[in-house]
Structures are given as C-alpha cells and as structure tokens.
Amino acid sequence: MLMLPDYRVRQRDYLLEIAQAISQELDIDILLKQILQYSTELLAGQAGLIALRDEHQGWQMVVTHGFSLEEISNLDSLFETVKTRQDPLRKEIPEISKKLRKLMQSTDRGVATNVGLPLRTKKEVIGVIFIFRNYASLFSKNDQKLLQNFANQASIAIQNAKLYTQISDEKERMDALLDAVADGILIMNPSKRITRINPTFARLWGEHKDCILGKKHEEIIQFYSIEHGMTLEDAEAGGWPLSSNTAFYVEGDLILPDDSFLPVGITYAPLKSKDGNLMNIIASVRDISHFRQAEELKSTFISVVSHELKTPVALIKGYVSTLRRDDATWDRDIVQDSLEVIEEESDRLAELIENLLDASRIEAGALAMNTIDLSIPTLAQHIANIFKGQSNSHHFIVDFPENFPVVLGDENRISQVFKNLISNAIKYSKYGGEIRIDGYVRKQDVVICVSDQGPGISDQDAPRIFDRFYRAESAMRVHKGAGLGLYLTRAIVEAHNGTIWVDNTYQNGAKICFSLPIAE
C-alpha cells in the first residue's frame with residue numbers, strides 16, 4: 001500500500017518535532033509520551049506502551065497511551081513477572097509480546113495485533129516500544145520501519161536523560177564534597193578569574209561568596225608576608241603550570257577585607273584537558289592559625305619548663321655545694337636556712353613535675369578520678385586552715401549557706417582546685433587583706449568562689465588565664481610559675497562536668513568561680 005503524501009509529511013514533522021524536543025527537553029517522561037503518542041497515531045494504533053529494562057531492577061513500564069487505569073495496573077503486574085537474566089532480544093521481548101497479546105485478548109478491548117521493537121544502544125537493549133491495533137491487519141515493513149525511527153529517537157532520548165542524570169548526580173556529589181571540605185576551595189579559569197568557591201573559603205575570607213565570585217585571583221589573595229614558597233603570580237612568571245603539572249604550596253599571612261591577617265597555607269593545582277590545555281586552577285586554602293599556635297605553645301613550653309626546672313635545680317646545687325665546702329665551717333642556723341631552701345626548691349620541683357604529668361594525662365584523656373560524696377564547706381575550711389599557717393597578712397573567711405548540697409567529686413582533685421585558687425589569691429595580693437571562699441546553690445549545681453583584695457585580673461587576660469602556659473605580663477614580672485596551675489584547675493573542674501570562670505563584676509580584686517553538679 002502506497003503511503004499518502006500527507007502521511008509522509010506528518011511522519012517527517014513528527015520526527016522533526018521529536019528531534020527538536022530531544023535537544024531541548026530533559027524530562028524523559030514528557031519525551032517518551034510524545035514519542036509514544038506520535039507512534040500510535042501514525043501506525044493507526046489504539047494503544048501503546050514503552051517499558052524500560054534495568055539489569056538489576058528488571059522491566060518497568062514507564063509510559064502508556066490509550067489504556068484505562070485498570071489495564072495499566074494489569075500491565076504493571078505483567079512486566080514484574082519478566083526476569084532480566086535472559087537474552088532480551090530472543091527471549092525477554094518475545095515473552096513480553098506473547099503475554100501482552102494474551103492479556104489484551106482476554107479484555108473487552110479485543111486487540112487483534114501488536115508490534116514491538118526494542119530500544120537499543122550500541123551496547124545493550126534498554127527497553128521496548130509496543131503498538132496495539134484492535135483490527136486484524138499486519139504491521140507492514142513500512143510500519144515497522146516507521147516505528148523503528150521512533151524507537152531510535154526514544155533510545156536517544158533515554159540515553160540523553162541518563163547522561164543528564166549522571167552529570168546532575170556528579171554535580172551534586174561535587175557540590176556536597178566541596179561544601180564538606182574543611183579547607184577553603186577556589187576554582188579559577190585559565191585567566192585566574194574565580195568561578196567557584198566553597199562555604200569554608202567564604203567563612204575564612206569573611207564575606208559572602210557573591211562578593212568573591214567573578215573577581216581575579218590577585219584581588220582576593222594578597223599576602224602581607226610570605227613564610228614559605230612563592231605566590232601564584234611568581235610561579236606563573238617561572239612558567240607554571242605549562243612547564244609542570246605538579247601542585248605547589250605557599251604559606252603566609254593573608255590580608256583580609258577588614259585589614260586583619262590570617263595565617264594560611266595555599267596549595268595550587270592545575271587541571272588540564274587530555275590535550276594538555278589548562279582548564280582550571282584549583283586553590284586549596286587552609287587556616288594554619290592552630291599550627292602557628294601549636295608552634296608557639298611548643299616554644300613557650302620549652303622556654304617555661306627549662307627556666308622553671310633550671311631555677312630550683314641551680315639553687316639546690318648551689319646550696320649543697322656551699323654546705324659541702326671543706327674550707328668552711330657553717331653554724332647551725334646557716335645550715336638550717338640552707339636546708340630549708342633546698343627543701344622548698346625540691347617541693348617546688350616536685351610540684352612542677354607533677355603538674356607536667358597531670359597536663360600530659362589531660363592531653364591523653366587519662367586524668368584519674370575517684371569520686372565520692374563531698375561536703376564542699378568542710379573541705380574548703382580544711383584547706384583554708386592549712387593556708388592560715390602560711391600567711392599572717394591575710395584574713396581567711398569561709399562562708400557557705402546552711403544545708404549546702406553534697407557534690408560527687410574526687411576529694412584530692414577538688415582539694416587541688418582549692419589549693420591552686422587560694423595560693424594564687426595569696427600570691428597576687430601581696431599586701432594581705434581578705435581571702436574569701438564562699439558559695440551558693442543553683443537548680444542543678446553549686447557555685448564556689450575564691451576572691452582576694454589584690455589588683456584583680458584585667459579584661460585582656462581574663463579569657464586566657466586558664467590556657468596552658470599562659471601567664472599575664474604583670475604576673476611574670478613579679479612571680480615565678482609555669483602557667484599550669486589554672487590550666488589544671490579548669491581541667492579538673494570540667495572533668496567533674498562543671499565550669500570555671502572569672503567574675504568580671506567583682507571590683508575589689510580577683511574573683512574566680514567554678515560550678516559542680518549536685519549529687520543525686
């Protein structure tokens with residue numbers, strides 16, 4: 001039978017529409033519905049369907065045309081019975097065709113013929129398209145050729161949709177990866193214009209990403225000083241990245257928008273195409289403030305510990321050497337005074353060593369605790385009585401309300417807290433005065449405070465006095481110490497699930513308070 005001219009025109013128009021839609025429409029369901037509708041109309045069919053094949057999930061009907069809801073439900077059940085462990089061309093599609101014909105003939109629709117053609121790529125069968133007629137007329141070669149054209153278009157649409165989905169998934173994974181990276185990420189085009197940043201860099205830089213995107217690298221990355229390596233501009237002047245595919249590292253103080261400095265380490269890496277053309281430059285920006293602080297802490301540790309160890313050792317050695325001189329005879333008072341100094345310096349040396357060991361235990365999370373029910377007022381009075389004999393110029397007051405709650409704590413460690421706070425109060429109020437140990441009760445915990453009438457703690461030093469090895473400049477000029485006492489005090493309090501702080505509202509000297517949970 002000859003194809004009428006208007007029929008051929010419609011076929012051409014439909015194929016052109018589908019081809020145009022494939023290049024514009026990314027919704028696979030819309031495309032497949034169009035393809036199925038056009039196929040059914042041009043082949044004079046009454047109904048049609050497209051099913052897709054997945055090696056793991058099996059056959060699944062994705063679009064239909066001309067079926068009722070009840071028929072669609074039956075068709076869904078039919079495809080669920082077809083397994084994908086066979087040859088799709090020789091076994092699976094013929095099996096589907098046979099089951100479909102049998103199902104259609106059992107309905108009131110009275111389908112007489114159907115034709116099905118596979119949707120194929122170069123590597124595999126990805127689905128099938130079926131058209132149904134309810135009159136006895138074989139599908140001619142022209143019909144099958146026409147359907148094959150639509151099947152080919154459907155295969156292209158499915159492949160495009162899969163590629164688009166794959167690209168979208170990869171983009172989402174890349175976005176999630178960049179957003180989760182702890183370092184700041186800058187992605188630049190070959191002209192060094194910033195095309196992408198992650199939230200970490202925006203946070204480091206201190207401005208919204210919209211203020212950074214589109215700017216040139218040199219507008220954002222400016223160093224106040226370089227500690228190691230070279231800038232990107234210097235590297236490019238030396239031939240990078242054309243002369244080398246390797247990444248390079250630079251470390252220095254980055255100038256921020258508010259004119260402050262941020263210590264950073266930046267790794268620059270080129271991204272090239274297969275033919276060697278530069279596509280992107282990727283910069284990974286790491287905040288190295290903590291590394292700098294660790295280095296400073298290490299230097300401070302060595303300096304403080306060496307000084308604090310040398311002083312008592314030198315005194316002990318000096319007095320012992322003096323007492324052992326064969327050419328001198330010492331009276332008893334001088335010997336006693338010398339032995340007293342040796343004993344004091346030995347105790348100081350032992351205390352420093354024990355504090356260093358405790359600091360190491362804290363770092364390792366191994367600070368031993370032996371908790372019991374504690375009466376804080378009783379313990380505070382006991383420690384105060386010990387210090388009364390050491391200072392005649394201070395007046396000690398222990399003041400707690402009646403029925404002060406019992407806390408669960410390590411008696412030796414809480415005693416260490418009191419000793420550190422009271423000894424500091426004595427040390428830094430050299431003209432004497434009142435040292436008060438008092439407390440009050442809150443809903444879930446108790447608060448204990450130790451105050452003195454010395455010069456107090458400056459607002460600048462207050463946030464840092466509990467840091468390891470930290471000592472205020474005014475304190476370093478007057479008193480010896482390694483800066484471990486309050487660090488250990490905070491660690492002990494926090495190990496009891498409490499907190500410690502400086503009371504900035506106290507105006508008559510220094511006042512340090514800590515909380516401890518009430519024992520249940």
Side-chain angles (χ1 to χ4, degrees), residues 369-459 461-467 472 474-475 479 481 484-520:
M369 303 289 291
N370 182 24
T371 56
I372 59 172
D373 287 344
L374 284 181
S375 170
I376 292 297
T378 302
L379 183 61
Q381 186 64 63
H382 172 68
I383 302 298
N385 290 338
I386 294 175
F387 280 95
K388 283 180 181 178
Q390 300 179 11
S391 176
N392 296 323
S393 59
H394 291 87
H395 176 53
F396 292 85
I397 298 176
V398 178
D399 183 19
F400 286 88
E402 293 185 7
N403 300 320
F404 197 77
V406 171
V407 301
L408 193 65
D410 184 312
E411 183 174 7
N412 291 330
R413 294 297 184 185
I414 298 300
S415 296
Q416 188 177 352
V417 169
F418 276 119
K419 288 176 181 177
N420 284 340
L421 295 180
I422 295 173
S423 64
N424 277 354
I426 293 173
K427 186 189 301 182
Y428 294 108
S429 57
K430 62 180 181 178
Y431 298 112
E434 182 180 278
I435 293 178
R436 175 177 289 271
I437 305 107
D438 55 18
Y440 58 90
V441 183
R442 299 192 297 199
K443 287 184 179 180
Q444 304 295 331
D445 57 16
V446 297
V447 175
I448 304 102
C449 298
V450 176
S451 58
D452 60 53
Q453 294 181 326
I457 301 169
S458 69
D459 293 339
D461 293 324
R464 298 193 60 193
I465 64 169
F466 301 106
D467 292 348
S474 57
H479 301 287
L484 285 173
L486 289 179
Y487 168 73
L488 295 173
T489 299
R490 181 183 67 176
I492 293 169
V493 170
E494 290 179 350
H496 284 80
N497 297 318
T499 56
I500 188 167
W501 64 93
V502 176
D503 186 350
N504 292 321
T505 63
Y506 186 70
Q507 302 295 323
N508 298 325
K511 184 176 183 180
I512 295 178
C513 302
F514 64 95
S515 66
L516 294 172
I518 297 173
E520 294 182 359

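We count residues from 1, following the sequence as given.
- One finds the OH atom of Y440 at 6.0 Å from the SG atom of C513 (value rounded to the nearest 0.5 Å).
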Practice prompt. For N504 and D459, run side-chain contact (heavy atoms from CB on, under 4.5 Å): C-alpha distance rounded to whole Å, both residues' side-chain angles, the deciding distance at 0.1 Å, then the answer.
Written response: CA-CA 8 Å; N504 292 321; D459 293 339; 4.2 Å; yes
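- With rounding to the nearest 0.5 angstrom, the OG atom of S451 is 8.5 Å from the CG atom of N508.
- For Q453 (side chain) and E434 (main-chain N/O), a donor-acceptor pair under 3.5 Å exists by modelled atom type.
- To the nearest 0.5 Å, atoms CD1 (I414) and CG (L516) are separated by 5.0 Å.
- P377 approaches V398 most closely through the heavy-atom pair O-CG1, 4.3 Å.
- Among all heavy-atom pairs drawn from I500 and F466, the shortest one is CD1-CE2, 3.6 Å.
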Worksheet item: Stepwise, does the side-chain contact (heavy atoms from CB on, under 4.5 Å) test hold for I448 with I376?
Response: CA-CA 9 Å; I448 304 102; I376 292 297; 3.8 Å; yes
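- For the pair I457 and I465, the minimum side-chain heavy-atom distance is below 4.5 Å.
- Closest approach of L374 to E411, counting heavy atoms only: CD2-CB, 3.7 Å.
- For the pair D373/V407, no side-chain contact is recorded, criterion being any heavy-atom separation below 4.5 Å from C-beta on.
- Rounded to the nearest 0.5 Å, atoms OG (S393) and OH (Y431) are 11.5 Å apart.
- Separating the NE2 atom in H496 from the CZ atom in F514 is a distance of 9.5 Å, to the nearest 0.5 Å.
- Of the possible donor and acceptor atoms, one in the side chain of S515 sits under 3.5 Å from a partner among the backbone N and O of T499.
- Distance alone, capped at 3.5 Å, places no donor-acceptor pair between the H394 side chain and the D452 backbone.
- Of all heavy-atom pairs spanning N420 and S423, the tightest one is O-OG, 3.0 Å.
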Item to complete: Take V417 and V493 through the test side-chain contact (heavy atoms from CB on, under 4.5 Å) and record every step on the way to the result.
Response: CA-CA 8 Å; V417 169; V493 170; 4.2 Å; yes
Worksheet item: Checking side chain to side chain donor-acceptor pair (under 3.5 Å) for the pair Q381/N385: CA distance, chi angles, key distance, verdict?
Response: CA-CA 6 Å; Q381 186 64 63; N385 290 338; 3.1 Å; yes
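- Contact check for R442 versus V447: side-chain heavy atoms found under the 4.5 Å cut-off.
- F404 and F400 have perpendicular rings, their planes meeting at more than 60° on a 0 to 90° scale where under 30° would count as parallel.
- Under the 4.5 Å side-chain criterion, counting only non-hydrogen atoms from C-beta, K511 is not in contact with V450.
- Distance check: I518 CD1 to D445 CG gives 6.5 Å after rounding to the nearest 0.5 Å.
- Considering all non-hydrogen atoms of both residues, P401 and G439 come closest at CD-O, 3.3 Å.
- Checking T371 against D410 by side-chain atom types alone, no donor-acceptor pair falls below 3.5 Å.
- Among all heavy-atom pairs drawn from P405 and V441, the shortest one is CD-CG2, 3.4 Å.
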Practice prompt. Could you walk me through whether N424 and I426 pass side-chain contact (heavy atoms from CB on, under 4.5 Å), step by step?
Written response: CA-CA 5 Å; N424 277 354; I426 293 173; over 6 Å; no
